[in-house]
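This report refers to the structure that appears directly beneath it.
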Amino acid sequence: MGGALIKPLILAHSLKLSSWSIMGKLSFFTFLREQWTELPISTADVSNQTLIMVGANVGLGNEAAVHLAQLKPKTLLITSRDEAKCELSKADVETRSGMTGIESLPLELSSFDSVRSFVDNFKAKGYTANVLIANASLLTTKYAKTPDGYETTFQVNYLSTALLSILMLPHLIKTGTPERASRLVIVSSMAHYAADSPKGADKWPSIIGTINDEAYCTSSVMKNRYRLSKLLQVMFIRELSSRLPAPTLVAVSAVNPGFCHSRLAREVDSDPFLKFAKSVSKALLARATEVGSRTLVHAAIEPGERERHGHYLSSCEVTEESDYVLSVEGRQVSKRLWHETLKILGDIDPRVNTIVSEHLTQDIA
């Protein structure tokens, strides 16, 4: 698709992108139209549902948790990185929403063991799951490894999110019905349009191995890391949805909340110029955090979930993914990435292999 080339300096700095060049589907005017679109406030009945909100202590996750709590679900389970943050988040959401009895569990996505423990605790406490909103994200341009040996942004935004999604899949399938599918919502971003595509990745010996390699992760590569992680999330949703039997009992989608006031780009605050640029661009262009959170809630609870299944959503509507995602190379990379991801996650937790074999259709050789 044709379109405008845009490099808005202030917006670029606010998103920690030294040069945000988006071709095709997302012109600057499309971006502005979306930012100023009035988003619906969800009112669906969730009184018999258990909803899980990941990363509810700040930002979009916190506002979405308040929205969900105000609708008085049967159970609202929120997560934060540790027990102390869980208690603070629980108190905050209960105070702001008027709902009591909110449940909380710690979940640290920079640790595979924490993801596994969360799922174990979830099962041990006898919870059910109608909705899982996988929201937590990390934006940094500095290369650092987690204790598990993976570059931090890549593990938090992609690998751990994928592990959580797959391990929770049986719980979501169990509550899905022909009339109403359960929901898996991964919070992605319009930044996936701006990702420097991993061109030639279909020829790399290992896609994940290369992405994680410190020698590969130069400063320019790390400036693209957040955007790339959001591209990989979109690919993951497409691959997962294509393997869920139809009609699906779990509707999965990747949601763009838009450019919002949040603490995501707080790393730029150490640079006075970038901090100023971020403040100006947010004042001019950013959605209120509460407004952006409506996109998460809409995908999680409103009807029409099967029409949204397997899609990228923006302003609460199905929206076409980036040209690279839909290209021949992008599809090949996506499929290889899926299999590499399953191999890694299966080694981390054998339950992944069982879930895939029991609940997902297998590729035809």
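Since the structure is predicted, the reported quantities are computational estimates derived from the model, not experimental observations.
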Residues passing the ring pair (Phe, Tyr, Trp, His ring centres under 6.0 Å) test with His298, sequence neighbours excluded, are none
Less than 4.5 Å apart, side chain to side chain, heavy atoms only: is that true for Leu313 and Thr295? no
Check your understanding: Taking it one step at a time, do Thr175 and Thr128 satisfy side chain to side chain donor-acceptor pair (under 3.5 Å)?
Key -> CA-CA 7 Å; Thr175 62; Thr128 58; over 6 Å; no
### Side-chain donor-acceptor pair present, Tyr158, Thr341, cut-off under 3.5 Å
yes
Around atom NZ of Lys74, are there more than 12 heavy atoms from other residues, nucleotides or ligands closer than 6.0 Å?
no
Checklist entry - What do the steps show when you test Tyr193 against Tyr312 for ring pair (Phe, Tyr, Trp, His ring centres under 6.0 Å), and what is the final call? => result CA-CA 11 Å; Tyr193 288 113; Tyr312 167 77; 5.7 Å; yes
Going by chain and number, the hydrophobic cluster around Tyr143 (ILVMFWY, side chain to side chain under 4.5 Å) further includes Met222
So salt bridge (Lys or Arg N to Asp or Glu O under 4.0 Å) across residues 99-120, not counting sequence neighbours, yields Arg81-Glu108, Asp113-Arg116, Arg116-Asp349, Asp120-Arg351
How far apart are the C-alpha atoms of Tyr150 and Ser160, what are their side-chain angles, what is the distance that settles it, and do they pass the side chain to side chain donor-acceptor pair (under 3.5 Å) test? CA-CA 10 Å; Tyr150 288 93; Ser160 285; over 6 Å; no
Quiz prompt | Donor on one side chain, acceptor on other, Ser314 and Glu34, under 3.5 Å | solution = yes
In Asp363, Thr361, Thr248, the residue satisfying side-chain hydrogen bond (donor to acceptor under 3.5 Å, both in side chains) with Arg243 is Asp363
Can a salt bridge be assigned to the pair Arg96 and Glu63 using a cut-off of 4.0 Å between side-chain N and carboxylate O? yes
